[in-house]
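Below is one structure, written out as structure tokens, with a few remarks after it.
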Amino acid sequence: MRSASLANVVDVAAAPLLSLSEVTKRFGGFTALSEVSLDLRPGEVHCILGENGAGKSTLCNVIFGVYQPDGGAMTYRGAPYQPSGPADALAQGIAMVHQHFSLVGDMTVVDNVLLGRGRGVLNRKECARQLARLGEDYGLPLDPFAKIDDLSVGERQRVEIVKCLIRDPQLFVLDEPTAVLLPDEIASLLAVCRRVAASGRAVVLVTHKLAEIKEVADRVTVLRGGRTVVTSDAPTRDIDMLVRAMIHGDVAELDGAAASTLGLGNVEPVGRQPPRSKVEALQIDGLTVRDRQGVTRLDNFTLTVDRGEIVGVAGVEGNGQSELAAVLAGMVTPTSGRYYLGETDLTGRSPKEITAAGVGIVSEDRHAVGCVLGMSLAENIYLNRLDEFTRFGFLNRTALQREATTLMQRFDVRARGPGAPFSSLSGGNQQKAVLAREITLPNLSCLVASQPTRGLDVGAVAAVYGHIRDACSRGIAVLLVSSELDELLSVADRIVVLYRGRIMGTCAADVSRKAEIGAMMAGQAQ
Amino acid sequence: MSWELFAVFIGSSIRLAAPLLLAGIGEMVSERAGVLNMSIEGMMLMSAFASAVGAWATGDPLLGLLIGILSVVPVALLQAFLSNTLRANQIVSGIGINILVLGATTLAHREIFGARSRAEIPGLAKIKLPLLGDIPIIGPAVFEQVWLLYAGIVLIVITALVLRYTSLGLAIHAAGAEPKAVDKSGLSVTFVRYGVVLLAGLMAALAGAFLSIGDIHTFTEGMTRGAGYLAIASVIFGKWRIGGTTLACLLFGAATALQFQLPALGIGVPNALLIMLPYLMALLAVGGLVGRQMAPATLGEPYRR
């Protein structure tokens, strides 16, 4: 909850800084925003809540002038507002922190801040002084002459924020800024939002995490399918209504994991049976990976996963998870160490042999490794077993499509049909198809899933975890790599935390230990 | 080797490095902003031809130089349009331009000069530097060069200062490393990239004019003989830095100068091998001696929002 000193002083009757009236935006035949109306008032933190694909980012981009609306009107400070592009929006006092950073890695903080501002000879010293002042005013400490490449993700985001604040914007838009942050970094970001709003500016915060809304929002607008569903002036009171508005369902029906993603602390994780047997399925013994530059990416990783157990690998991205998953999938040969499935040594085997041994792999980058976008759904769903459908070297498409249709129904993959191009499926359906392929391997005994819910909406997250749990209850060992701590806490039995390629610690997946795990993710040994 | 021969070697290394240096620095700036111009070769050839014709027709080498520069503008604009607006493959489009220019200049050369090839053409003046030029032996050999070379050195220093200390320099660097950041800061990536291609064209034009009206005072068909590609190689060898590129150009210049020096010293190396030397060095430089991780992140990739 907000501290009293930062209590909001929003005058409800104040004239809105920016108002949108029935704004519509189409991309080809797809309507991303449909008659969205919204008022943003000076001094408020206004949260935009919605699932993936609800139109939140499109809305921000319309406000920031990246897209021009196809219908409706905007009024800014009492005058019609039709930005011709980001430059125009910036000139008028509207700044935006995008979901993905756009910083130049080999330039310093000061140079990144100076990019695009002013002409002629650079005054780096003056800029560094301004940064120091902003840092004090808003609680954003930064070393102005550090290189971006040397900064943590949280610090990089501070640079993005400072880049906006130095322009002294009246309206400050943040598009899902907390997705990549550690728990304490999120808290300090929200504090910055409060301070910015307290200085009389309007802050728009896009999120799908309810905990953040409780913490910081003065008002909340819910988007669903490109439409405004509801706006609440008292978000903490209306939180249940907001959830229902966002997902059009009852909170109680939500899967525990999905609810945790949303930050619903009051929903208990679905009760799980303890691991059924103590038979070791996956044994990882001292895996170490050094890259071409000789940097150790994964350092002596040792872990066993029992049959029927889900072990979560937590950590901020880039701390060795990708390397671990790549080694287990046979895509990278480890520098040292071995890993076994039961008695079989799988170290350094090819992906084909690993699949044949009974390891299912859901890779973190579904588009690059997990599927072939240009091929059909049926071909993708049986990609690792197309041999079974060939006779005399020719593919029996009828049988393939028939079998694929069965799998589509079982895993609720929604598409025009088994022949639909894989690229035409939504992210959630693509992931369900990949999961269907890996989980239905005939002799599956271990599943390695990396970031299986990235970019998926709540419904798809629930479905993915439903299938993973189901596999687990059939006695399959599951190694689940995810940067979403809340999801791991509700799905996994045990959590190991990776930091700079090392295991910082292991503990039971218990919500009460979240702070401890968060500290380990930040590199503090317990 | 006598001191005299050594001084001549240094002098001719610098003279032979000059066109590489002019074109190479322009290309380096362009690559820093993310645009690879394989057409540097064609631009040089275009300017070498146009400035030779211009100087021959007007009798004034300075007008010739101006005509050479103007002749490259449409070529550079074409390259910029293909690689930024149409987002064409930069290697393919650049080589296409090179072939076009080689054909066009060869044809035009035969039409204009016909059998009277190797016509003497008025060239740019040489200037002896004060003081340095008066040093015995070294002075006349090293410090008495075509004025375009000195102008080129001044341009390189200015380029270095602009890249390091101005907002334009930041924009150029960022356009190659993270064009999104440029776009979101309210600048236009397309504008920056058109600008750098035009700059690369201007520098290539100076380099081409140096070859024809600066150095040998005549035009021969296809006279650049891969100098543009050597300039590109020197950018890679120099790791996209001004100092490195300059050194690489001097090295290639020296390797070329050896062609003339070794026979003079009576060292019996086959001439074909010597002609090959700079290209061989470039191949080694590009192929393996230098890590690729220094390249601007989006080199050769058209920007899409």
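Every value quoted in this text rests on a predicted model; they were computed, and no experiment measured them. Proteins come first, then strands; the chains are lettered A, B, ... in the order of their sequence lines, and each starts at number 1.
Residue with the most contacts toward chain A among Ser185(B), Pro179(B), Ser188(B), Ala177(B): Ser185(B) (heavy-atom pairs, distance under 4.5 Å).
By the neighbour-count criterion of 12 heavy atoms within 6.0 Å, atom CZ of Arg500(A) is sparsely surrounded, having that number or fewer from other residues, nucleotides or ligands. Within a 6.0 Å sphere centred on CE of Met331(A), other residues, nucleotides and ligands contribute 12 heavy atoms or fewer. In the displayed structure, Phe191(B) atom CZ is contacted under 6.0 Å by at most 12 heavy atoms of other residues, nucleotides or ligands. Atom CD of Gln82(A) sits in a sparse spot, with 12 or fewer heavy atoms from other residues, nucleotides or ligands closer than 6.0 Å.
Ser102(A) places a side-chain heavy atom less than 4.5 Å from the side chain of Lys184(B).
Taking 4.5 Å as the heavy-atom cut-off, none of the residues of residues 79-88 of chain B approach chain A. Using a 4.5 Å heavy-atom cut-off against chain B, the contacting residues of residues 106-117 of chain A are Asp106(A), Met107(A), Asp111(A), Leu114(A), Leu115(A), Gly116(A), Arg117(A). Of all residues in residues 148-156 of chain A, none places a non-hydrogen atom less than 4.5 angstrom from a non-hydrogen atom of chain B. Contacts of residues 161-171 of chain B with chain A at a heavy-atom distance below 4.5 Å involve Arg164(B), Tyr165(B), Thr166(B), Ser167(B), Leu170(B), Ala171(B), listed in sequence order.
Residue contact with chain B, scored on non-hydrogen atoms closer than 4.5 Å, involves the backbone of His100(A) exclusively.
A pairwise comparison of heavy atoms in Ala174(B) and Val104(A) identifies CB-CG2, 3.6 Å as the closest pair.
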